[in-house]
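Heads up: the structure comes next, in structure tokens.
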Amino acid sequence: MLIIFGLRVLLGTIGTGVFHCPQCGGDREYRLRRGRNWFTLFFIPVIPLNRTGGEIVECGTCHGRWTPGVLTVPTAAHLATVPATLVRLAVAQALRSGDVTHGPARDRAVAAVHRAGDPAYDGTVLDADMARPFDQVRAEMARGAGVLAPQVREDVLRAAAEVALADGPLTVSEEETLGAVGADLDLTRVQVTGVLALARQDGGR
Ligand SMILES: [Zn+2]
């Protein structure tokens, strides 16, 4: 009897998720896969052998394949949450540099986050945000700022300025905080000064 044997590479799935597919141009499901050599008998893989190469990311829609670096590109769904997250962090910084119990300032902070796209946000989350370590907040702001347009980043600072202005003119502490928030948002000093001037002019509304 003739025995036919050989080697074949099969891709195994080691993870799944949603990514931004460069070929589809949108959010798609992917499979993270890794190749392995198999010993085949009559073309049927029977014994798994060594792994081959690295991992690949395969789009579930167009079946395009990429290296795992493609997973660092933010998805559209994630991008949509970034403005609200940054407004949350910015208004919490502004509030904690002034009177954290000031009712109108708190209301303004909550309203700003709602407008930015997070309707579930409330005073409890605000208190939790204000209790977060500075380093953590600053790192998260810098990450988010990197994917937003300048106008959106200015709007985030504007929201924080309006919260700080709710209890009267900016104190030195509030102004310093807004300057730091602006820097974390990757805004220049000129941009920060401009945003604060506009907010003051409208009296924080
Ligand atoms: Zn695709």
Side-chain angles (χ1 to χ4, degrees), residues 4-92 112-122 125 128-129 132-133 135-160 181-188 191:
I4 301 170
F5 62 89
L7 277 180
R8 195 173 148 192
V9 175
L10 289 180
L11 289 173
T13 298
I14 56 178
T16 60
V18 174
F19 81 132
H20 177 88
C21 174
Q23 193 153 290
C24 295
D27 292 357
R28 296 288 185 271
E29 294 195 354
Y30 71 82
R31 287 191 295 173
L32 183 63
R33 315 189 74 187
R34 185 157 53 196
R36 186 184 273 278
N37 281 313
W38 283 73
F39 176 80
T40 61
L41 199 57
F42 295 105
F43 309 108
I44 297 168
V46 284
I47 303 171
L49 303 170
N50 58 313
R51 291 197 174 115
T52 65
E55 296 166 358
I56 58 154
V57 174
E58 185 181 285
C59 175
T61 303
C62 70
H63 301 290
R65 290 176 177 176
W66 288 271
T67 57
V70 75
L71 299 181
T72 61
V73 179
T75 62
H78 171 71
L79 284 180
T81 68
V82 173
T85 302
L86 288 195
V87 169
R88 254 178 75 170
L89 298 173
V91 297
V113 179
H114 288 174
R115 274 201 307 279
D118 183 357
Y121 183 80
D122 59 19
V125 188
D129 282 346
R132 289 178 59 180
D135 289 354
Q136 203 186 80
V137 169
R138 300 195 65 173
E140 190 168 346
M141 287 200 72
R143 258 201 314 279
V147 299
L148 292 185
Q151 181 59 54
V152 181
R153 288 183 271 124
E154 287 188 7
D155 290 346
V156 172
L157 181 62
R158 173 67 186 256
V181 167
D184 289 342
L185 289 167
D186 203 19
L187 295 173
T188 64
Q191 285 173 307

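Both counts, for ligands and for their atoms, begin at 1 and track the order of listing. Computed from a predicted model, the values in this text were never measured in an experiment.
Around the Zn ion (ligand 1), protein atoms of type N, O or S found under 2.8 Å number 4.
Between R28 and F19 the shortest side-chain heavy-atom distance falls below 4.5 Å. The closest side-chain heavy-atom distance from V125 to R88 is below 4.5 Å. Side-chain contact between F39 and V46 is present, with heavy atoms from C-beta onward closer than 4.5 Å. Contact of the H20 side chain with the D27 side chain is registered, since non-hydrogen atoms from C-beta on lie closer than 4.5 Å.
Applying the ring pair (Phe, Tyr, Trp, His ring centres under 6.0 Å) rule to Y121 yields no partners; only residues at least two apart in sequence or on another chain are considered.
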- [ ] Show the numbers, then the answer: is there a side chain to side chain contact (heavy atoms under 4.5 Å, CB included) between L11 and R65?
- [x] CA-CA 12 Å; L11 289 173; R65 290 176 177 176; 3.3 Å; yes
